[in-house]
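Heads up, the thing below is written out as structure tokens.
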Amino acid sequence: VNIALAYWNGGKWEEAQRQCEQGLALSPVSDSKRALLLGALALIKLDRHEPREAASLSGQALRLLGEPARNDLRRYED
């Protein structure tokens, strides 16, 4: 996410989008990290004048954060 946001801050939206998409393609990725990547991608889509896609991505991110992320619970069970 940080690399993608650095590219985004530099106006390199295509590279920022590519970084987010690469992160989303990794497996396994926790739900909270997936939500961060989707949120960053939504921000990029807004700057690229794609508001519908941005809204969809934001919704996906919020749904992932709606309940405790399954993959993140393990760190609190000990």
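Residues Arg63 and Ser56 come closest through the heavy atom pair NH2-O, 4.4 Å. Across every non-hydrogen atom of Cys20 and Leu41, the tightest pair is SG-N, 3.9 Å. When all heavy atoms of Leu65 and Ala35 are compared, the closest pair comes out as CG-CB, 3.7 Å. Among all heavy-atom pairs drawn from Trp8 and Ala16, the shortest one is N-CB, 3.7 Å.
Proximity of Arg34 to Leu38: side-chain heavy atoms (C-beta onward) are separated by under 4.5 Å at one or more points.
A distance of 9.0 Å separates CD1 of Ile3 from CD of Gln22, quoted to the nearest 0.5 Å.
Hydrophobic clustering places Leu24 together with Trp13 (ILVMFWY residues linked when any side-chain heavy atoms are closer than 4.5 Å, directly or through intermediates). In the hydrophobic clustering of ILVMFWY residues, with side-chain heavy atoms under 4.5 Å counting as a link, Leu5 and Leu37 come out together. When hydrophobic clusters are built by joining Ile, Leu, Val, Met, Phe, Trp and Tyr residues whose side-chain heavy atoms come closer than 4.5 Å, directly or via intermediates, Tyr7 is not grouped with Leu36.
In this structure Glu15 satisfies the salt bridge (charged side-chain N to carboxylate O under 4.0 Å, His left out) test together with Arg18, sequence neighbours excluded.
Residues Arg48 and Gln17 have side chains that bring a donor and an acceptor to within less than 3.5 angstrom of each other.
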